[in-house]
Every structure is written in structure tokens, then in C-alpha cells.
Amino acid sequence: MYLVRPVDFADLPALERLAQQAGIGITNFPANRERLNDKIASSRRSFQTDVVQPGDESYLFVLVDTSNEQIVGCCGIDAMVGVDTPFYSYRIDEVVHASPQLQIHNRIPALFLCHDYSGTSRLIALVVDKAHQNPLAMSLLSRARLLFIARYPERFTKRLFAELRGESDKHGYSAFWDALGKHFFTMDFKKADYLSGVSNKNFIAELMPRYPIYVPTLPEAAQEAIGVVHENSGQSADILLDEGFEFRGYVDIFDAGPSIEARTESLHTITNQKTDKALTLTEISKGAIHLISAGHLENFRVTAAPAEPQVAGLALEKSTQERLGISSGKRIQWVAL
Amino acid sequence: MYLVRPVDFADLPALERLAQQAGIGITNFPANRERLNDKIASSRRSFQTDVVQPGDESYLFVLVDTSNEQIVGCCGIDAMVGVDTPFYSYRIDEVVHASPQLQIHNRIPALFLCHDYSGTSRLIALVVDKAHQNPLAMSLLSRARLLFIARYPERFTKRLFAELRGESDKHGYSAFWDALGKHFFTMDFKKADYLSGVSNKNFIAELMPRYPIYVPTLPEAAQEAIGVVHENSGQSADILLDEGFEFRGYVDIFDAGPSIEARTESLHTITNQKTDKALTLTEISKGAIHLISAGHLENFRVTAAPAEPQVAGLALEKSTQERLGISSGKRIQWVAL
Amino acid sequence: MMVIRPICQNDLKSLYRLAEKTGIGFTSLVSDEAILQKKIDGAVRSFNKENVTKPHNEDYLMVLEDTTTGDIVGTCGILATVGLDEPFYSYHLGTITHASRELGVHNAIPTLILNNDFTGFSEICTLFLEEDYRHSKNGQLLSKARFMFMAQFPERFTDKVFAEMRGVSDENGISPLWESLGRHFFSIDFKEADELTSQGNKQFIAELMPNNPVYVNLLPQEARDVLGQVHKNTVPARRLLEQEGFRYENYVDIFDGGPSLEARVQDIRAVRDSRLCLANIGQPKGIREGKGEGMSEGNYYLVSNAKVKDFRCILIQRSIPPGSAMTLTQEEADCLCIINKEPVRIVELSPYSR
Amino acid sequence: MMVIRPICQNDLKSLYRLAEKTGIGFTSLVSDEAILQKKIDGAVRSFNKENVTKPHNEDYLMVLEDTTTGDIVGTCGILATVGLDEPFYSYHLGTITHASRELGVHNAIPTLILNNDFTGFSEICTLFLEEDYRHSKNGQLLSKARFMFMAQFPERFTDKVFAEMRGVSDENGISPLWESLGRHFFSIDFKEADELTSQGNKQFIAELMPNNPVYVNLLPQEARDVLGQVHKNTVPARRLLEQEGFRYENYVDIFDGGPSLEARVQDIRAVRDSRLCLANIGQPKGIREGKGEGMSEGNYYLVSNAKVKDFRCILIQRSIPPGSAMTLTQEEADCLCIINKEPVRIVELSPYSR
């Protein structure tokens, strides 16, 4: 079975392994031990802080295979991006150029560098071991974050977004980067991607184009990559799209991967989650699989297990209660898988 | 009592008188006999046409004082603006300029010339004789249009906007125009306003600034006029705001008067209007005042009268039925005032 | 003798014949009688204007006449101002620097910025010489006669003048810059755009061209390579202007990227070095009587009269440098429409002939 | 005698004393010992470089020394290139035309366009002369000695050079352009912005300045009036450069609107007309022995040696024009660090002194 819980310092080696697997294009999860350690520290601080309104907190969760207590995945939430340095995206806007006399009406898409997601909560870095990339584990890990947001709404903004990894090949070659970013950074995608993970982001303001880029003037391969999700990220993208996330024309400035966004209150998991007492089933549950969470902040746990909604609460097997570290009568939060 | 009905050629002298009263700043209602006659012709054509989807139709309505059959007001709806030539507005967008090192984070509002309302239905030209500017007449005339839209949704777009007249003094002086448009048109506000009403709008593309205008660089009087409604238009503005119209940062390119917009389905009148049979009251009604419409297209009529909602329909006084040209049992449409 | 003179009403047929020979890309002469007639009218009006104190909308179109045959074999012109009736567009090749000290990266990125900076300036234009006459320095006479006119009547032109040079395109008229830039915005082909422009119809440029700077480093290499470069047939014309002091100051044509060359009138070699002297009609020293044309010796000189309406300019050869007076043969004087002791303006044909 | 020479390590105290006198708005000399020491180090390194084949990051800072007192009384400098370490910003005053044939309206609207067009160009800068020495053509010597250096070592500079001139501000340092433009975007005051810039910190300009063109016609009249205008104290310096052939080509300072003047090195009068000749040490004709300084007669000449590290330039007066040799007194030769028969470069001090 699987369990999702906040990251701990002991998880560093596992995180490092996951980061190496993740590969290029997931800039907020660099395979750099020191940076990962910082991220764990920051996450622990975030879980421990009393928060009145979202700030620079960053929450990291790990996915545990309870059969052997191995860490097999991780994910996170940034309470607010763009606090210290602006958060950059490209907004795809259409520029209209029309000549009534020539009967020409052109709508030309152009990329505008913007900060529009600054000040917004962000879902980050869903990484799962290949062997565990099954729908259950993926869904649990991804949606556990939404249960956390539902539980602690004051810690997040009403608007939420996620960056989906854009197209690049296994050597880290991105047609979009090659056509655009490379000319302004004079370095390869891999390096820029890495720097963007480990350094402050001033260099983006310093180096990126300040004028809009007209899409039709880019090479075709680059045009085709705009807003396209990396094949390895299709599954996690689908989970979020099913939740109610939408593409609103924002793409990553490096690889043109799409950003998708939603108002938290309109997300499936958040709308449908219920909070009530945990009840105990004496036999094996014949109920549907539910995502069930319990525990406060640092002790927040989420698992997926069969369970039966009843009038007084949700009835769980004893083993599920144990996994969550609760007993009958405790408050739990759940949603159907 | 008052009645609203489609305009007719016989109304030309009255319309001319109203247009002269309307004054500067209502560009779609120029005091030019020929143009007004064209507008009437176009309106009649629009009411008579079978429409599948909105195009360049323009519907004009007049307000009749039934006590003496005088025309005392008029208003209209453009099915879609920007069909032949683009429809221009300024969009107020904030440009962020931040220097982390200097700890400066400036959000600078700037005016961007745009066509964002092209392809949208527009409420136009609410003009009422001074003597009849009472809440009942104003509300009836303004909301009669919404009843028409509710009745014929296929003739209009889902998004609807109205331009509110901006600040200018009685001599036609506009501080905003003086600071901005004048430099590009090299003519006074009155003339530009008139030209914009009578000519095609190519000249706007030809003469208006193509680069954004940074608001703080404008003189203060001009800055203060942005998005402010002319004092004479406060009442008609309030009617629309009460309906659910909202300001979304678009202003007129000449006088910076605000545009307000809404989705038709979210407007109060459209949501709450009912269609059912007309019933007859034998005595004087003690019911609340309702806006009641009847008749198809060219025969569309709206009046305001006391009426009593019943299970089978709306009960009206005989005189109200006569005013609408209907008898008991006919289908009518109504909404509470 | 080859004589430069203002175009006149009788030249319509000849001008039409020349226009037919110019080919694509030469937009200032199109083979359309109505347009050419209008051009002639404008030129005649311009040369007839007396007491001009500052440049307005004059169009000084001149022709090269072979007096032996009476044929018109070339044209050259000066527009007193451009861009006052219809906007005149060009791209300015500027620089935007992006630098990050932290990363040690410093990029100076060239940009194309749409502008109307030449609005109100004088332009030299409409240079065309028939193929059969491309010898005996006729091309130089045709091009530089304009400087003699400008030297004599500087009040009719702006302090700075410019010339647009034809940019690079291949045998099929395909322009690399147009293919990677203009095409995306115009939805019409280069030829059509070029023709509309030549007919003075430029509103569509404002309507269709992007008004934000274009990053040159994002253009394909073949487009970058032609910025500021002239068509191979135009290389001699460019060299000729550069020898006279014209400079490429980073303005290029918005369609094909051909360079504009500019100069201050007073800095043009032929203007600066030209001087007035009196004509002596007689037998020049060092020229044997009866010696055939093209068989003279010595340096080449441009000689023009000092008249507007009857402006004339010819090319002569002298082995002895002229002083305060210039001895001209009767034929030369006739070609220049002058009589004895009238003033003429002279200058060495090229900077190296002194 | 007044001698121009490269700055050296011993000059720190004197340079500091001068820097204290420059006042606000003179950003290239700030009274901070560490910064000045760095500047001296850079200059010493630059003059010591041999075999320079193209301009890089050299900073040729020179001083004017009064040899009778040993005092340093002025500075002048040339930067081999600007904008390669930190972006160099300027505004280009361009034109956007808006015209409607239908309405008969034609507006040519000036615009300010932010750019880095001077990236990689050589700049003449850091001109300062102590008030007590503003006489006897010391100012001209200080300014034009740089052209002698450039004439001798053109490979160390770009073909085109420019100079930024101080723009208009009032007694309180208030700049009309800054007040109506920069202030809205910087949220800091002119002085602070100016200081940051002078310390080579320019990233904030990219971050805070609007990158869209600014319509000049929307600026208040007092701001429009100062575009391309120099501070009243800078009028003579501007005239001096213009006499040498420098031209205002529509580039202005982004803060105060002061003009940049530019010229091709080979077109600068003092460069073009200067020539090498051999020094004859002896008694020049027309100068009586023992005649006091400042009492000579005749035309003024700039004379420099042909050395880099030991570059020297002085101003002398001669009543007889020099030919292929130049007779110099022993004192003059000593000041120039030359011995008999060494080459010197000479030029008339001003275009009118020939």
C-alpha cells in the first residue's frame, strides 16, 4: 500500500535518486544534494510555521511504499511563487493586424514575457519511480496535495497553477529552446534549466527578450512544441486536467511546456472532499477506494484504501487506520478515488 | 404611461431633437439627419431580417409618452461591433517593472490600444428628454433592451458591453482628449467625436498611438478622468451596474469613459424574466410595477405597469393590454421593475 | 554628346519605353502611362518653381539624352522630401544588450525597429541607364549630375539626403528577408507588396507590420546575411555613392533589407569640391580641333549650368585643370544652354581624378 | 608649460582633489579613493599595452600638468569601447508617422526609443579643467589632445567615436526630462540614479525603464525643449566638438536628454589634417629667445609625440607654418619626451588657424 507524508531529512538520499531520474525540464527539482537539503529544510519550516496568509512556504511530500517503507515518489506545493524575484512565463496573446483595404485580417500569436503567475500557489515536481507509475500511486500523490490545500486554505492562494514539462528529447534537446532561449542565454537548455533551479532568477530578467516574439517567425519545430506536454508527463497532466485545471495560454519560458491553472474551489477533489469521523469496519471492506487523510500539518498523512461512507463518517479497515496513525472516532478527510 | 417600441421613419424629427440634446461624447448617435435616417433604415432592416447568428444588425428603440404619443427617448443594441472595421478600446494593463537589487517593485498602469470588444454585442445610446429622466422611464428604456435580448438570444453574442460616456465639460472639453488624442488627431474632441460617429473607423488605426501609453506620464487631470463616468450618465450607468455589468479595465479611446460588460445569462433582467400567458384583471391592480413585453420583432412592445403574477401567468389591467396591443391569453414576457 | 536635362512633356513615350526595361524591384518607374504622365507633370511643375526657399513636395526627375540621336537613355531624380504625403517606412538596425554579471553572459542583440525617421528628408532616386549605354562613364554622369544640381540649389533640399539601395534577391525575385519576416505579416507576396508601395499606398504597412522590435538573432541565417547588403547588380552604384561620402547608417528597407545610404549635402565630395567659374567659349587647350568624341585625353569633369528650369549637365575631358574660367567648345556650350561668360559649375568626376 | 600625459600612479591625490571639484552630474569622476585608484590602475594598464590591434576594454585617462608647478589641473579620457561589461543605454529620437488621407491629417511624431546602439563604440569622456586654468586655450588642448592620440593609434579605437554631453538641469540639479519621464519609472531621484549609473551599475535601467517607445509629443513642453540640448556650461564644449566634425545624430541621454555627438575618427578635422614630421630641436624662426610664455605670436599648433606609454601633447605657437620638419625648443622637446629627429604629429589647433 501507499502512504503520502511530509518530507523529512532522512529522505534526502531517496530524493536525490528521484531527482536524478527526473531528468531535465523539471527545474524546481534539481539533482543537487545541497539544494535538495535546503528544500527539505524549507519544507519542514513551512509545515511548522503558523501561517496567516501564504508567503514563501514550500511544502514537500513523499510517497512511501508501505510494504518496504521505501520512498518511491515526491511532489510539492509552493504557497506563492514570485515573492522575492518575479516568476516569469510567456503569455500567448494574439496580435491583430488588419488592413480593411486589402481585406486582410491577421491574428498573429505572439509570446509576451510576463509575471502573471507571480503571487500564485503552484503545484510542483511530481516525480514517481518508474515501477510505481500506476494510476493509484500517481493519483494518490497528486491529489494528496489538493486534500492538504482543502484542509489549510489559508496557506494558499485562491488561484493555483502547475507547470507541465515541455517537449525535449532524452539528451535534453528542446526545439523551442534551440530557436529562442539559446540565442539570449548563449548556453544549452540543460545548463539554463539547472541554473534556473539553483540560482535566483534575476538572470531571466537580465537575459530574456523584452519584446514580444511573433510565433510565425519561429522555426516550425519550435512552433509545434509550444504548449505541448512531454510524453513522460502525460499521466500527471491528465490527473490535473480531470481535476478541473485548464490551459489559459501560459507556457514555460524555457521549453514552452504549458502551465495549467484553476480556482481551488472549483477543483474536483476540493469540492467533493468530506470531513468527518473515522469509523471501524470489522471485516474486509467491499467499498470503493478512497483517498483518506488524517493528522495535523507535520503529521498529515494520506493513503488510498477501500472504505465505506456511512451517515456518521467513513468506515475504514483497521489496517488503514493504523497506516494513518489514527483510531476510530478521529477526524479524517476523504474523497473517492 | 410609457411604451418602448422599435424606431420608425416617422420618428426622424424626434430622433434629431434627441441627438442635439445628447451632446458630445455619444459618438454612436450623431446629430446628423442623413446619418440618423440611415440608422433608422438599418434598424428596420435588422428587425425584419431572419437572423441565425449576430452580424451587423443594429436595433433602435424609442420611448413613447403615451399621454401625448411624443417620442421622449431612445436607445439601441448593436448585434456585433467591429464587423467591417475593428472596434477600438484602450485596455488598462499593469506593466510590472521591478529591480530586486534596488528593492523597487513598480506596477505601472498603461493604456493598450486593442480590439478586444470586436465581435461583441453592444448597448448603445440611451438618450432621454430631461423632463422624463425619472427612474421608471430610464429603467424601462434601458431594460427593455435586455428583455429583447432574452427573447431573441440567437441575435446577440453571449458577451455584452456598454460604453459609458466619459468626462467632458459642456463645451466639449475633455482633459483626457486634450492630453492624448489631440496630439495624434490634431483636431478638437468635438470634431473627432463627430467623425467617429459618421465615418468609417479606419482613421483610428491610422492616427492612434500604436505603442502603450504609460498612465503616470499623463497630466494629472487626464489620469483622473480615466474610467470616470460623465455626470449626466450616472443614472443610466447605475441601472446597468445593478443589472450585473462590470468594469473590466476597458475605456474609450477618446474620452476614457469606462466600458462595462457582462455575460448575458448573468444579467438580472435576463435571469429573472418569465414568459407566460397574459391574464386580465378586472379591477385596478394593486400589484408591483412590472416591465412587460409582447409582440414579435417589429411589433415588440415593452411597457411598465402594475401587474400580479399568478400561477397561470401575469394578470394585467385591460389598459396595459391595450397599450401592448394584446388580449388575454397571449404570450407575454415580464420581469419585476 | 550626352546631356542631363529636366524631363519634359515630350518625353512620355521615351519614359514608358525605359520603364518597360527596368524590371521587378524597380518601383519608382512602372510601365503605366497614367502614372508616368503624373510623374512628368510633377517634375515639370517642380523645375518651373522659382524662388523656392525650402524643400516641399518637388520631384526633380531628369533624363539623359543622347544629342546625336535625340534618344532618352536614362533617368535620375531627386525628391525634395519624402514621407509627407504617405508615411515613409524603414527599419533601423539597433542594438539591445542583455547581460548578466552573475552568469558572465553579455549579449549585444541586433534588432530591427520600424520607423519613419526619414520623414521630411530629400532622397536621390530613380536611377536607371539603358543597357547599351552602360559605358563611357554615363552611369557616373547620370548619378552625379544630381549633386551638381544640389550644389547649385541647396535651399531646395534638406541638409541630409539619402538613397535607398536595392537589396538582395535571387533570379526569381525571392528575397530572403521577406521570406522570413514580411511574408508572415502581409499574407501577400513580395511583388504585390512592392507594387502597392510604389503606388504610394503605404497605409497597409502600418496596419500589418509588427510595431515591436524584431530580434535579428532569431531570424534564419540567410535573412540575417542580407541586412544592409545590396543586390549584386547594385554593388557599383553603392561604391559610387560611398566614394562620394555616402554612408550606411544602419537603416534598411523593410521588405528586402537593402541599405539606405546617407550624407550631409555639404559633405558630398562632388558638392564640396564643385565651384562656379565663368564659361569661355572657344578652343580648349590640349584638345585638337575636330578630334572625335570619346577620344579626348585628360581628366573628366562634370560641368553644369546654374539654371533651374533649363538645368543641364555634361561630362567633359580636359588635360589642363580649369582655373577661374572654363573654356568650352561651342557644342558643349550649346548642350549646356549657355552663352559666353555665363557661370558654370564644375567638379572633377571622381575623387581620384584630381 | 602645459603638458598632456597619461595618468600615473602618483596622481591619485591630485585626481581626488579634481574629483571633489567636479560637482553633481559629472559621473565619470567621483570623489572616492577606491574608485579613482581602480580607474588609475585601468589607465596605467591600458597605456602599457603594446601591440593592441583592436579596441577592447582600454581606458586612456590623461591629465593636464602645469610643469612649472607640477600640478594636475585637468583630465580627459578615451574609452576604447563602452557597453561590453555593463549595457550602455541611450534614447534614439526617432519618428513615427501617423497619416490619414481621408481626414487630410499627417503627423510625424517624434519618439524616444531605448537602445544600446553605442555598444562596442569608443567614447571620449571625462573632460574636466580646473576653473583657474580655463584660459589660454587650455580647454582646447585638453579636448583635442585626444584626437592626436587617436590619429596616431587608430587601431586602438572604433571607426566611429562619440561623446555624451551634459543635458539641461537647473541650479538645483532638477532635470526637466527626468521629472516628466524617468521619475515615473525609477522611484528614486535623479542624483541617485546618476550615481548608480556612474558606478557601472546599469541592470536597474533594463529592469525599470519602459521598453516601449515614448511619444515625445505627450511630454510636457519643458521636457521636449531639452531633448538634444546641452547644459549652458557645456555649450562651448559642444561647439568645439562640432567644429571638429562631430554631429548630433538624434541620440540623447536617457536621464537628462543631453545629446551624444558622434564622428568617424578619420573625419575628425584634427585627425584628418594632422601629419607626422621630424622634430628639429633648435631655435624656431620668429620666436625671440627668452620671450616669456604666452607672449608668442602666430598660429597655434598641437604637437604630440608618437608614443603610447609616454604619450605627450603640448600647444605651441608659430608664425611660420611648419613644413616637413618642425623646429622645437629644447623645453618643448623635453615636455614631449623626444630627442632630435624623432617624429612628432602636428595639427593646427582649430579649423580657422590655417
Side-chain angles (χ1 to χ4, degrees), chain A residues 85 88 93-113 175-188 191-196 198-223 253, chain C residues 86-87 91 94-114 176-189 192-197 199-224:
Chain A
T85 49
Y88 291 95
D93 255 2
E94 281 191 336
V95 182
V96 178
H97 282 288
S99 171
Q101 180 205 356
L102 302 188
Q103 302 267 324
I104 292 172
H105 187 91
N106 290 333
R107 307 182 75 89
I108 297 165
L111 304 174
F112 292 80
L113 192 66
F176 182 77
W177 171 263
D178 207 54
L180 185 49
K182 196 184 71 176
H183 296 288
F184 291 87
F185 282 82
T186 47
M187 58 182 76
D188 64 17
K191 183 166 176 203
D193 192 54
Y194 177 80
L195 282 170
S196 155
V198 300
S199 116
N200 74 50
K201 310 235 167 143
N202 280 347
F203 76 97
I204 295 176
E206 288 167 346
L207 296 182
M208 280 306 267
R210 290 190 281 271
Y211 294 103
I213 303 297
Y214 298 97
V215 173
T217 64
L218 294 174
E220 278 192 22
Q223 293 186 37
I253 57 170
Chain C
E86 281 286 337
Y91 265 138
T95 302
I96 300 276
T97 303
H98 286 271
S100 168
R101 191 177 279 191
E102 189 190 349
L103 303 192
V105 174
H106 183 100
N107 296 325
I109 297 164
T111 49
L112 292 173
I113 299 173
L114 192 66
L177 185 69
W178 173 266
E179 291 305 313
S180 24
L181 186 56
R183 191 173 60 82
H184 298 298
F185 297 94
F186 282 96
S187 328
I188 51 179
D189 67 17
E192 195 181 343
D194 213 34
E195 279 171 10
L196 282 165
T197 309
Q199 291 155 23
N201 185 336
K202 298 189 179 174
Q203 173 57 23
F204 76 101
I205 296 175
E207 288 166 342
L208 298 181
M209 270 306 241
N211 53 20
N212 283 295
V214 170
Y215 291 104
V216 172
N217 57 349
L218 298 185
L219 295 175
Q221 189 65 43
E222 59 270 24
R224 297 207 293 274

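Keep in mind that this is a model prediction, so the values were computed, not measured. Throughout, a chain's letter reflects where its sequence line sits, starting with A, and its residues are numbered from 1.
No other option in A:Thr217, A:Ile108, A:Leu218 has as many heavy-atom pairs under 4.5 Å with chain C as A:Thr217. When the candidates C:Val214, C:Asn107, C:Leu208 are compared by the number of heavy-atom contacts under 4.5 Å with chain A, C:Leu208 comes out ahead. Counting heavy-atom pairs closer than 4.5 Å to chain A, the top residue among C:Leu181, C:Leu219, C:Asn217 is C:Asn217.
Residues A:Ile213 and C:Leu218 form a side-chain contact, since some pair of their non-hydrogen atoms from C-beta on lies under 4.5 Å apart.
Ring geometry, C:Tyr215 versus A:Phe184: the interplanar angle exceeds 60°, so the pair is classed perpendicular (tilted spans 30 to 60°).
Annotation: the span from A:Leu207 atom CG to C:Thr97 atom OG1 amounts to 11.5 Å, rounded to 0.5 Å. The distance from the OH atom of A:Tyr211 to the OG1 atom of C:Thr111 is 7.5 Å, given to the nearest 0.5 Å.
Environment of CD in A:Glu220: sparse, with no more than 12 heavy atoms of neighbouring residues, nucleotides or ligands closer than 6.0 Å.
For a residue to count as touching a neighbouring chain, one of its non-hydrogen atoms must lie under 4.5 Å from one of that chain's; by this rule C:Ile109 touches chain A with the side chain only. Interface remark: A:Leu180 contributes backbone and side-chain atoms alike to the contact with chain C (heavy atom separation under 4.5 Å).
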